[in-house]
Amino acid sequence: MKSRTEIKDVLKAPALGSAVLVKGWVRAFRNNRFIALNDGSTPHNLQVVVDADKLPEGILRKINFHACIAAKGTLAESLGSGQAVELVADEVHILGECNPEEYPLQPKRQTMEFLRTKAHFRPRTNTFGAVFRIRHAVAYAIHKYYNDLGFYYLHSPIITGSDAEGAGEMFRVTTLDLNHLPRTESGEIDWKEDFFGRSTNLTVSGQLQAEIGALALGKVYTFGPTFRAENSNTPRHLAEFWMIEPEMAFYDIYDNMDLAEDFCKYLIRYVLEYYADDLAVLDARLREEEKNLPADKRRPMGLLEQLHFVVDNNFERITYTEAIRLLQNSKPYKKGQFEFPVEWGRDLQAEHERYLVEKEFKKPVIVRNYPQAIKAFYMRLNDPHPDEPGCTVAAMDVLFPGIGEVIGGSQREERHDVLLQRIREVGIPEEELWWYLELRKFGGAPHAGFGLGFERMVQFITGMGNIRDVIPFPRTPKNAEF
RNA sequence: GCUCCAGUAGCUCAGUUGGUUAGAGCGGCGGACUGUUAAUCCGUAGGUCCUAGGUUCAAGUCCUAGCUGGAGCGCCA
C-alpha cells in the first residue's frame, strides 16, 4: 500500500471515478457510515463513506475518534451537502487503534490550557494543525525573503562563552558534577575544569556574531533558538524561543526600519496568499472565542481584517521624544489613567505602547532614537538634538497591536573610541568583548540590524492569545514537559 | 519576581448566609438509526471536591501555608 494519496491532493483535483488510497486520523464517525478523515496535509477533511454490512467483523467499533486508518475506494461526487467529493470505501484497515475510554482528547471544544498538557496530541486538533502549518510557512517565508534579497544565512552559536550579550539572564551549560564542584584556591568554582575550559551559557542572541558576518558577507541573517532564564510569566514570553536577526553592512537606522517594515509585511502577505484555508480556521476560532467576551474586551478587527490592515498601511514612524510628547498630551495621561509616569528618560511601559499602537495610530508603530541610558551598549550614539534633553541612540522598536514589541533593533556603534567608552561606562569587562571591539578597529563599517521574535510574529499572524500555543513544545518557568 | 483570580466527574462548568445522599451539558459505555456535517433519540456508569494543617456540633463552602494553572505588571523578542 505505497500509493497513498494525500487528502490535500485528493481535494485539490479530485479525479472522480478513480481508485484512491488515503491514510489518516478519524475526526468524526457519524451514523456508522460517514468518516471525516484528516491526514494533516490540509485543514480540510475527506469524507469516507463506508457500508457497515460489508466491513469485516469488529472493524466498526474501532473507527474511533483519532484512530488511524487506511481507506481504499472510489472517488465520487458527494450526495450530501457539506462537501463536493467523498471516498466510497470498499476497504478500511485500522492502522492504529484509539480507545476512547482512555484517550484524553474528545471531539469537542477544549481549552488551550488543557491541550497544553497534551502536547503530544494537540497537533491533531483543527486549531493546532493550522497553527503549526502556518508556523512552518512563516519559517519558510523568512528564508525565502532573505535569500531573494541576497542575504546569507549565518549560523550563530547556541553555546556561547560570552555573557556580555546584555539581553537577560542566561542558562548555564556545564558538565561539572554539581555535587563535587572543583574549587580554586580562593574557594570559587574553577570553570577551567569545565568542558570548554571556561564558563559557558546558552545564547540569548546571535547579534554580536551576526555583526561578524555582516562585516564580511555584507548582508546576513541568523535564525535559531535563543534562551532567556528570565522568570517571565506572560502570554508573550518563552524561555526558549526562535529569533531572526538580520545584520547589514552600510545600513543606517532608516534603511533598517525600511527593511523591518517590508519584512513584516512580506511574511504576512505570504501566509495570506498560500495558507488562506488555515487562516480561515483560525479566523473562525477567534470569532468564536470573542463571542464569549464582553464587548469592551473584544478586538476591534477580525484576524483576516487585521492582517490585511497591516499589509495595506504604512507603519507609523515616530521618535521616542515625539512619543513622550504625544503621551503627555493624551487623554489617559491627563486623566491620570496611566499607572506609570511619562517623562523623557523613562522607558515606555506596555500601557504606553498599547496606547500609541491601539488608540493613537491604530496600526504598527516604529519608535526610534531612545535615550542612551535605557538601551544596550552597542547602539549608535546620535548627534545631540535641540529637542532632546539628553543623549539618544539609534535604536528602533516595532510595536504591534496585541503583542507589543515584535522587533527590536538599532544602528550599531561602529566608532571604536565611542564604543570602548560606552563599554567602560556600563562596566562590562573589555576582555569579554575583545573580538567585538576589534571588528571596529580593523575594517569596520557602519552597520545595522534587528531581532524579530519568531513566535511573536506567528502569534500575531495566527491570532493565538498565548505564545505557548504557537510553539510545539513550549519552555516556560516550571515547565519543560515533552 | 510582584499583584489578582481559579482548582469540584474524562472535558467544560454549577453548587445559595457553612447543614441530609455533590449536580448539569458534553464525552464514555449499551441500544436504535443507509445521507450524516459539533448527527439525533433511549438507557447507563462515572467523584480522594488540588495537598497539608486549622476553625466549627457540622467544611466543596471559612482561615493559613504550599502546589498547579491563568490574567495583569516588570524584564524583553
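These figures come from a predicted structure and were not determined experimentally. Per chain, numbering begins at 1; letters A, B, ... match sequence-line order. Values reported hereafter were calculated over all heavy atoms of this structure, with side chains retained and with hydrogens, waters and symmetry mates removed.
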N/O donor-acceptor pair, side chain [X] with base [N], under 3.5 angstrom:
| X | N | result |
| --- | --- | --- |
| A:Glu101 | B:G28 | no |
| A:Gln83 | B:U36 | yes |
| A:Glu86 | B:G35 | yes |
| A:Arg61 | B:C29 | no |
| A:Ser232 | B:C75 | yes |
| A:Arg228 | B:A77 | yes |

By the 4.0 Å heavy-atom rule, please label [X] as base, sugar-phosphate, or nothing.
| X | answer |
| --- | --- |
| A:Phe454 | nothing |
| A:Asn233 | base |
| A:Gly80 | base |
| A:Gln349 | sugar-phosphate |
| A:Ile403 | nothing |
| A:Ala350 | sugar-phosphate |

Chi-based syn or anti call at B:U34, which uses purine or pyrimidine torsion atoms and a 90° bound: syn

For A:Phe241 and B:A77, say yes or no: do the ring centres fall under 5.5 Å of each other while the ring planes differ by less than 30°? yes

Starting from the C-alpha separation in whole Å, work towards a yes-or-no answer on ring-ring contact (aromatic ring centres under 6.0 Å, His included) for A:Tyr333 and A:His352. CA-CA 9 Å; A:Tyr333 179 80; A:His352 307 140; 8.5 Å; no

Which value, in whole Å, describes the distance between the C1' atoms of nucleotides B:G35 and B:A71? 46 Å

Pairing partner of B:G69 (Watson-Crick or G-U wobble, both distances under 3.5 Å): B:C5

Watson-Crick or G-U wobble mate for B:G25, both contacts under 3.5 Å: B:C11

Measure from the side-chain heavy atoms of [X] and tell me the nearest of [options].
| X | options | result |
| --- | --- | --- |
| A:Phe34 | B:U36, B:G27, B:A71 | B:U36 |
| A:Ala28 | B:G35, B:A39, B:C76 | B:A39 |
| A:Pro107 | B:A77, B:G27, B:A71 | B:G27 |
| A:Lys108 | B:G25, B:C73, B:U36 | B:G25 |

